[in-house]
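The structure appears right after this line, and notes come after that.
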2 protein chains.
Amino acid sequence: MARKQGSHAETTAPKVRDAALRLFARHGYAAVSMRQIAQEVGVQAGALYRYTPDKQHLLFDLMRSHMEALFEARQAYAQPSDPLARLDAFTTFHIRFHLQRVDAVFVSYMELRNLSPENFAEVARLRSRYEGELEAILRDGVAAGVFEIADCKITTLAIIAMLTGLTTWYREGGRLPLDEITALYVRMVRGAVGVV
Amino acid sequence: MARKQGSHAETTAPKVRDAALRLFARHGYAAVSMRQIAQEVGVQAGALYRYTPDKQHLLFDLMRSHMEALFEARQAYAQPSDPLARLDAFTTFHIRFHLQRVDAVFVSYMELRNLSPENFAEVARLRSRYEGELEAILRDGVAAGVFEIADCKITTLAIIAMLTGLTTWYREGGRLPLDEITALYVRMVRGAVGVV
DNA sequence: CAATAAACTGAACGCTTGTTCATTTGCAAA
DNA sequence: TTTGCAAATGAACAAGCGTTCAGTTTATTG
């Protein structure tokens, strides 16, 4: 019989992903070598190839599972029915989720150009599906007469850019607690969609 | 006497900068080699070192002159006195300037981590000076009772993130003309600062 | 204990990297 | 036409790159 499957592999695999994510976020995909990742894991470079077919796929896996985690977390979130409550919930969710995974957010936004065309298309598809969720909320709000929005598509992109920008400057233990910051953003998002 | 200064250098120098900017934006600083830049310019790699002490400085120069161009362009812009008009003018200016230099914006936001600490500090200083201009507008508006803002610092960052995000998706000849897009953003920014 | 297979090593592969520098090119002034 | 120098070449440097693979280690199974 085979050895209990992956007694070490199950330890090493996430280590590889963690190290790669942290290093890619810090220095950029192209600037990080497989040897650096290996050193962080405590292993020789060749051993990494038991966990990824190549460097490019390692990057893609990180991005894809970031998006998958995003949808999974979102599904676990309460979905109110009235548009304004849903918008607020989206804002809160987006901020909380993204702040918990700054490295993954950074890598997912910065390293798109290092993906092969097919891998890029896959990530782009997932991202626009997520954007679609916000857009649907906006459309519902407009239909219900609660939002005043001239163009839902553009408003969606503007809101997401505004919210995600938070990840570039937020530091734990900063001037304001996260709850207050979130409340500020909820209010700004409301303002941007014309809620008075 | 010396030859007319830089008869060729004056041609080559901007070519080097243009090529570097385009390639850095497209593939990332670390992924671009000096030989690639040289080929784009039509020169051997060694010749680049007449125009930059090293690769890192080439990146820094691009970022610094992007920021300098930003301040120069802003100074040439009309500065109304009432806060709301100034806010609208800032929005319009920011969009127009940044859309004309997508590559420089991209590089300036993506490649900060590839700067040496001193060079990073310099770019950060210039950036926060620019943010300060918007923040001043917001504070004036609050003082004048036209804006309803809970925290001017955070609102500043949120607005700039929202506006700059435009550069990642805008394409000339897209669904909407730039004037309409700008008008949409002017309205959203107004909403975010609580103008009714 | 012996057998087995997963996990990992360590060296090697061909290639590219940023940077340097002695040398050549080519134009403009004298 | 000669001279002088900026501009550019092209070869070289040591170092590092992603990836492969035969071989060694190691822990668990029968």
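Below, all heavy atoms of this structure are taken into account, side chains as well, without hydrogens, waters or symmetry copies. Throughout, protein chains are lettered first and strands after them, A, B, ... in sequence-line order, and every chain is numbered starting at 1.
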Exercise for the section: Using a cut-off of strictly less than 4.0 Å, decide whether Y49(A) has a side-chain nitrogen or oxygen near OP1 or OP2 of dC8(C). Expected result: no
N/O donor to acceptor pairs below 3.5 angstrom from side-chain atoms of residues 181-196 of chain A, sequence neighbours left out:
from, atom 1, to, atom 2, distance (Å)
T182(A), OG1, L178(A), O, 2.7
R187(A), NH2, E148(B), O, 3.2
R190(A), NE, D88(A), OD1, 3.2
R190(A), NE, D88(A), OD2, 3.3
R190(A), NH2, D88(A), OD2, 2.6

Exercise for the section: Scan V32(B) against the nucleic acid and name what it touches under 4.0 Å (heavy atoms): base, sugar-phosphate only, or nothing. Expected result: sugar-phosphate
Completion exercise
Across all chains, not counting sequence neighbours, the side-chain contact (heavy atoms from CB on, under 4.5 Å) partners of M110(B) are M110(A), R113(A), F106(B)
Problem - F147(B) six-ring centre to R139(B) NZ/CZ under 6.0 Å and within 45° of normal - result: no
Handout entry: Nearest listed nucleotide, side chain of R50(A), among dA7(C), dT19(C), dC17(D)
Key = dA7(C)
Problem - From dC17(D), dG18(C), dG18(D), nucleotide with atom closest to K55(A) side chain - result: dG18(D)
Practice task
Check whether NZ of the Lys or CZ of the Arg R74(A) lies under 6.0 Å from the centre of the six-membered ring of F93(A) and within 45 degrees of that ring's axis.
Solution key: yes
Problem - Distance test, side-chain N/O of S33(A) to OP1/OP2 of dC17(D), below 4.0 Å - result: yes
Exercise for the section: Look at the side-chain N and O atoms of T12(A) and state whether any lies under 4.0 Å from the OP1 or OP2 oxygen of dC8(C). Expected result: yes
Between the protein and nucleotides 9-11 of chain C, are there any N/O to N/O pairs under 3.5 Å, and if so, what are the atom names and distances?
from, atom 1, to, atom 2, distance (Å)
dT9(C), OP2, Q44(A), N, 2.5

Practice task
Ignoring backbone atoms, establish whether Y29(A) has a side-chain N or O less than 4.0 Å from OP1 or OP2 of dG18(D).
Solution key: no
